[in-house]
Amino acid sequence: MAIRGSNSSDCFFMEKKMNIIDGKQIADEIKSEIAAKVKSLLDKGKPAPHLAAVVVGNDGASLTYVQSIERACREVGYISSVYKFPETTAEEELISVISFLNEDDEIDGYILQLPLPKHISSEKVIEWINPKKDVDSLHPSNMGNLLLGEPLFVPATPYGTMLLLERAGIETEGKHCVVVGRSNIVGKPLAMLLSQKSAGGNATVTVCHSHTQNLQDVCREADILFVAIGKPEMITADYVKKGAVVVDIGVHRLPDPDNEKGYRICGDVKFDEVAPLCSQITPVPGGVGRLTMTALLLNVMKAYEGKK
Ligand code: NDP
């Protein structure tokens with residue numbers, strides 16, 4: 001199709017734009033599907049799914065995340081509740097809140113926002129979470145089921161990453177996937193999902209971390225490169241094979257006096273340098289981050305349906 005007024009620089013721009021995976025559009029599509037499902041439940045006189053969030057202390061990132069959870073719930077028609085406690089809350093008090101949420105039949109799933117204050121053992125509190133309501137998949141039994149290929153819930157960020165691949169039509173079977181980062185919430189579960197003997201998996205997976213030798217060489221072997229290292233724009237063009245798919249999971253807010261907000265958001269990948277090299281790439285913002293929340297909403301629906 002001819003594009004009116006196009007010239008070579010427009011064409012370059014369009015070509016470049018076409019390899020950017022639109023996480024927002026994919027997330028919006030999935031959220032519309034969830035909203036339609038909620039509407040049909042309500043039409044049948046059934047209650048909407050209910051997500052609760054537990055926050056201890058005043059960690060700014062946690063509070064912002066919880067606000068975005070409430071917004072996302074509103075968008076799809078879920079009920080949300082936030083249980084907010086002061087920094088000084090005792091471990092036993094928090095465990096009694098968790099026990100209450102486990103028992104409350106009106107709550108389908110809940111998240112325990114981490115990190116917790118230092119005087120509380122996260123491991124101990126997480127043990128108390130009912131795995132059937134553990135929509136963030138923190139409980140060891142949910143992590144174990146993921147390893148066995150039978151997850152009840154998949155942690156939201158790796159789940160969102162897999163949804164993004166699926167909806168963008170990116171095939172993993174037989175591909176060499178390199179995952180940089182091995183955290184329990186992102187890198188490890190993602191590597192596990194990619195290597196499962198099932199659709200969306202069947203990849204050959206290499207996991208890299210801070211002790212990996214010759215990281216650039218290993219990354220350049222990747223057909224699909226997943227980056228979750230928490231280092232702003234560390235992955236430059238030198239790490240990427242021409243034609244590879246690059247999925248940037250990192251998210252950072254960097255001071256930027258040239259930006260009217262005083263900051264800019266970026267990922268672990270140096271986007272402007274890497275984008276022209278690869279066949280497809282996720283931007284930050286507007287990439288994986290958008291799918292994380294959507295994945296959480298899907299987990300809540302799964303908990304709701306499981307309860308019935
Ligand atoms: P962690 O800090 O828990 O893990 C970072 C991983 O990267 C570790 O495995 C670490 O290795 C590895 N690493 C660090 N430096 C290097 C290096 N120089 N070379 C190779 N490997 C390195 O981070 P998370 O997994 O929690 O998060 C990763 C990124 O993803 C962050 O930017 C975070 O903000 C973002 N994130 C985004 C989400 C979203 O929804 N988009 C949600 C969650 C996180 P080692 O194990 O050896 O220490």
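Keep in mind that what you see is a predicted model, and the values were worked out from it rather than measured. Index from 1, following the sequence.
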Establish whether [X] and [Y] are linked, either directly or via other cluster members, by ILVMFWY side-chain heavy-atom contacts under 4.5 Å.
{"X": "V56", "Y": "V82", "result": "no"}
{"X": "L190", "Y": "L138", "result": "no"}
{"X": "I107", "Y": "W128", "result": "yes"}
{"X": "I129", "Y": "V66", "result": "no"}
{"X": "L164", "Y": "V205", "result": "yes"}

First locate atom [atom1] of [X], then atom [atom2] of [Y], and finally report the distance between them rounded to the nearest 0.5 Å.
{"X": "I26", "Y": "E166", "atom1": "CD1", "atom2": "CD", "result": "10.0 Å"}
{"X": "M162", "Y": "R167", "atom1": "CE", "atom2": "CZ", "result": "14.0 Å"}
{"X": "L112", "Y": "S62", "atom1": "CG", "atom2": "OG", "result": "9.5 Å"}
{"X": "C278", "Y": "I224", "atom1": "SG", "atom2": "CD1", "result": "12.0 Å"}
{"X": "S81", "Y": "H50", "atom1": "OG", "atom2": "NE2", "result": "2.5 Å"}
{"X": "E221", "Y": "N214", "atom1": "CD", "atom2": "CG", "result": "11.0 Å"}

* Asked: Taking the six-membered ring for Trp, are H209 and H211 parallel (under 30°), tilted (30 to 60°) or perpendicular (over 60°)?
  -> tilted
* **Neighbour count above 12 (heavy atom, 6.0 Å) for K302 NZ** =>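 Count over threshold, so yes.
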* K241, NZ atom: more than 12 neighbouring heavy atoms under 6.0 Å -> yes
Heavy-atom side-chain contact between [X] and [Y] under 4.5 Å:
{"X": "T161", "Y": "L193", "value": "no"}
{"X": "S80", "Y": "R74", "value": "no"}
{"X": "P49", "Y": "L41", "value": "yes"}
{"X": "D268", "Y": "M234", "value": "no"}
{"X": "V227", "Y": "Y239", "value": "no"}
{"X": "P189", "Y": "V154", "value": "no"}
{"X": "N142", "Y": "L146", "value": "no"}
{"X": "N145", "Y": "F153", "value": "no"}

* Check step by step if side chain to side chain contact (heavy atoms under 4.5 Å, CB included) holds for L51 and D108. => CA-CA 6 Å; L51 171 65; D108 299 293; over 6 Å; no
* **Residue of the set N130, N102, D134 for which side-chain hydrogen bond (donor to acceptor under 3.5 Å, both in side chains) holds with Y110** =>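 Only match with Y110 under side-chain hydrogen bond (donor to acceptor under 3.5 Å, both in side chains): N102.
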* List the steps, then state whether side chain to side chain contact (heavy atoms under 4.5 Å, CB included) holds for D256 with K261. => CA-CA 8 Å; D256 182 359; K261 290 181 180 157; over 6 Å; no
For a quick test of reading the model, state the closest non-hydrogen atom pair linking [X] to [Y] and the distance between them.
{"X": "E233", "Y": "C266", "result": "OE2-CB, 3.6 Å"}
{"X": "S122", "Y": "L114", "result": "OG-CD2, 4.2 Å"}
{"X": "A244", "Y": "A222", "result": "CB-O, 3.6 Å"}
{"X": "D248", "Y": "V288", "result": "O-CG2, 3.8 Å"}
{"X": "L277", "Y": "A237", "result": "CD1-O, 3.6 Å"}
{"X": "Y304", "Y": "K46", "result": "OH-CB, 3.7 Å"}

Donor-acceptor pair, distance only, cut-off 3.5 Å: does the side chain of [X] make one with the backbone of [Y]?
{"X": "H252", "Y": "L254", "value": "no"}
{"X": "T204", "Y": "H176", "value": "no"}
{"X": "K307", "Y": "D105", "value": "yes"}
{"X": "E87", "Y": "P117", "value": "no"}
{"X": "S198", "Y": "G201", "value": "no"}
{"X": "E75", "Y": "D28", "value": "no"}
{"X": "Y78", "Y": "L297", "value": "yes"}

* Where do V54 and F85 land on the side chain to side chain contact (heavy atoms under 4.5 Å, CB included) test, with the steps shown first? -> CA-CA 8 Å; V54 181; F85 299 95; 4.1 Å; yes
* To do: May I ask you to decide whether E70 forms a salt bridge with K84, counting only side-chain N to carboxylate O separations under 4.0 Å?
  => no
* To do: Dump the intermediate steps for side chain to side chain contact (heavy atoms under 4.5 Å, CB included) on N202 and K197, then the final yes or no.
  => CA-CA 5 Å; N202 287 324; K197 193 170 179 174; 4.1 Å; yes
